[in-house]
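Written below as structure tokens is the structure these notes are about.
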Amino acid sequence: MPLPTDPAVRETSIVLADVLRDIAVESNGHQPGVRPAHGKGVLVDGFFIPTKEAKALSKAKHFQVDSTHVTVRFSNASSDPAIRDTNPNSNPQGFAIRFNNTMKPIRRHTDIIAHSVDGFVGSTGQEVLDFFNAIKNNTLAEHLANAPKAKAFVEMPKPTPASFATAKYYALNAFMFINHDEKETFIRYRLVPEAGEEYLTDEEVQAKDPHFLYDELYERLEQQPIKFKLVAQIAEPGDVTDDCLAKWPEDRKEVTLGTIQLEFASSFQQEQQKRIIFDPIPRIDGIETSEDPLLEIRAGVYLTSGLRRRAEGNMKYYNHFMAIPPPT
């Protein structure tokens, strides 16, 4: 997972990671090993079982084999690792999934990163940076007056689910599937709970315990696996694929790519949470990025933040990596 090769994109992603870190430190103090966004989370392991429709759409390995081990991180939006699940700032919930295609002799994986609302604060790196700079500088109200995309996201309903297992999750960026015949298909991912969607009223939320989403998740896993359908919304000619906020009509065809079956909480949570860096770029044969400019920005932010998280107490490791010039 390299840093972006474009110098401007690389710089924007590093600056954005700096701003997110500064906001987190100002809000919560220094929290070693904790993400500056979606700081509170839990890792769960299970399997992905693809459909025959997935095999026809993409030659990616996890769509071609019978099953693939997956690791999923459910999370709250805030940087605060102790935030109450009843706090509106803990919404939306995050869902990041890693498909562990091979572990030996070389670890190879691909990820999907989603959250529980179909929106975001901007569709370019600069728009996202401007939004978080406004939070850092306490000028959010002024910023929103001139930033309609950010304003729409801030005002968008973000209901609290009854469970991580009853929320629908959206991966905002478009990707291009390539099958064995080299046919190209643009898609957007959605993760649909097999238990059905269920959200709480404000009154129901306030009656819940502070960490009810996590308590409920462990209780549910003791009783039965948690299942999601991985769904692809299929683009048609003319649909915009390079802007994560340019939505496709809801009547676009949807194809079920497979079932995600989660069975147990991961071991060594603290160490794994510190080390795992999810990657918005697929980096796998059979799935390519669209021309969406936010993808490289996000990848740079996640890598910069993740390396800092890993290097807590050993900044020589982080400084050495960041000093390596991008490949040409």
Side-chain angles (χ1 to χ4, degrees), residues 19-44 71-97 113-121 131-132 134-136 138 140-141 144 150 153-170 191 193 195-223 226 228 262 264-266 268-274 276 278 302 305 309 312:
V19 171
L20 290 169
R21 177 194 58 191
D22 293 345
I23 294 169
V25 170
E26 177 66 23
S27 300
N28 314 308
H30 180 53
Q31 300 275 352
V34 175
R35 288 165 167 79
H38 290 267
K40 179 182 179 182
V42 61
L43 293 169
V44 184
T71 301
V72 166
R73 186 175 190 264
F74 293 107
S75 61
N76 300 75
S78 167
S79 62
D80 184 357
I83 192 170
R84 293 169 175 257
D85 299 340
T86 55
N87 185 329
N89 291 326
S90 71
N91 301 336
Q93 283 65 45
F95 186 121
I97 178 168
I113 301 168
H115 67 183
S116 59
V117 294
D118 193 10
F120 197 50
V121 301
F131 174 81
F132 285 106
I135 293 178
K136 175 182 176 180
N138 295 313
L140 185 59
L144 295 180
F153 178 78
V154 169
E155 295 177 350
M156 181 180 295
K158 304 175 186 68
T160 301
S163 166
F164 282 123
T166 66
K168 184 177 182 179
Y169 301 87
Y170 303 84
L191 296 130
E197 292 183 67
E198 183 182 357
Y199 302 92
L200 304 177
T201 65
D202 291 343
E203 292 76 15
E204 289 172 330
V205 171
Q206 293 312 311
K208 291 288 187 179
D209 291 332
H211 308 293
F212 78 93
L213 286 174
Y214 295 83
D215 295 339
E216 194 278 342
L217 180 74
Y218 279 97
E219 291 171 3
R220 188 179 289 254
L221 285 170
E222 289 179 355
Q223 298 171 12
I226 295 171
F228 286 85
L262 304 175
F264 54 91
S266 306
F268 309 107
Q269 284 279 332
Q270 185 174 1
E271 180 60 27
Q272 282 206 65
Q273 296 245 16
K274 181 177 179 179
I276 192 167
F278 290 99
Y302 288 19
S305 175
R309 188 170 65 248
E312 293 284 355

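Heavy atoms only: backbone and side chains are in, while hydrogens, waters and symmetry mates are out.
Of all heavy-atom pairs spanning Ala165 and Phe228, the tightest one is CA-CZ, 3.9 Å. In terms of heavy-atom proximity, Ala195 sits nearest to Arg220 at CB-NH1, 4.0 Å. In plain terms, the two heavy atoms of Pro161 and Thr166 that are nearest each other are CB-OG1, 4.1 Å. Heavy atoms only, all atoms of each residue included: Glu312 and Gly33 are closest at CG-N, 3.4 Å. Shortest non-hydrogen contact noted between Val42 and Tyr218 is CG2-OH, 3.6 Å. The shortest heavy-atom contact between Arg73 and Gly39 is NH2-O, 3.5 Å.
Atom NE2 of His211 and atom OG of Ser90 lie 11.0 Å apart (nearest 0.5 Å). The distance from atom OG of Ser75 to atom OH of Tyr214, rounded to the nearest 0.5 Å, is 6.0 Å. In this structure, Glu198 CD and Leu200 CG are separated by 6.5 Å, a value rounded to the nearest 0.5 Å. Note that CG of Asp209 is 12.0 Å distant from CD of Glu216, once rounded to the nearest 0.5 Å. Remark: Lys168 NZ to Ser116 OG distance equals 12.0 Å, nearest 0.5 Å.
Of the residues listed (Leu191, Val117, Ile97), the one engaging Tyr169 in a side-chain contact (heavy atoms from CB on, under 4.5 Å) is Leu191, and it is the only one. Of the candidates Asp202, Asn91, Thr201, Thr160 forms a side chain to side chain donor-acceptor pair (under 3.5 Å) with just one, namely Asn91.
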Step-by-step side-chain contact (heavy atoms from CB on, under 4.5 Å) determination, Phe164 to Val72
CA-CA 11 Å; Phe164 282 123; Val72 166; over 6 Å; no

In sequence, state the C-alpha distance, the side-chain angles, and the governing distance for Ser266 and Thr71, and then conclude on side-chain contact (heavy atoms from CB on, under 4.5 Å).
CA-CA 8 Å; Ser266 306; Thr71 301; 4.2 Å; yes

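Atom CD of Glu26 sits in a sparse spot, with 12 or fewer heavy atoms from other residues, nucleotides or ligands closer than 6.0 Å. The number of heavy-atom neighbours closer than 6.0 Å to CZ of Arg309, taken from other residues, nucleotides and ligands shown, is above 12.
In this structure a side-chain-to-backbone donor-acceptor pair under 3.5 Å is present from Gln269 to Leu43. Listed for the Arg35 side chain is a donor-acceptor partner under 3.5 Å among the backbone atoms of Gln273. Checked by atom type and distance alone, the side chain of Thr86 never pairs as donor or acceptor with a backbone atom of Lys208 at under 3.5 Å. The main-chain N or O of Asn76 is found under 3.5 Å from a side-chain atom of His38 such that the two form a donor-acceptor pair. For Asp80 (side chain) and Ala82 (main-chain N/O), a donor-acceptor pair under 3.5 Å exists by modelled atom type.
Taking 4.5 Å as the limit, some side-chain heavy atom of Leu217 sits within range of a side-chain heavy atom of Leu221. With a 4.5 Å cut-off on side-chain heavy atoms, Tyr302 and Ile113 count as touching.
Taking the charged nitrogens against the carboxylate oxygens, Asp85 and Lys40 do have a contact shorter than 4.0 Å, which makes a salt bridge.
Remark: the Ser79 side chain and the Asn28 side chain contain an N/O donor-acceptor pair separated by less than 3.5 Å.
Here Phe153 and Phe131 keep their ring centres 6.0 angstrom or further from each other.
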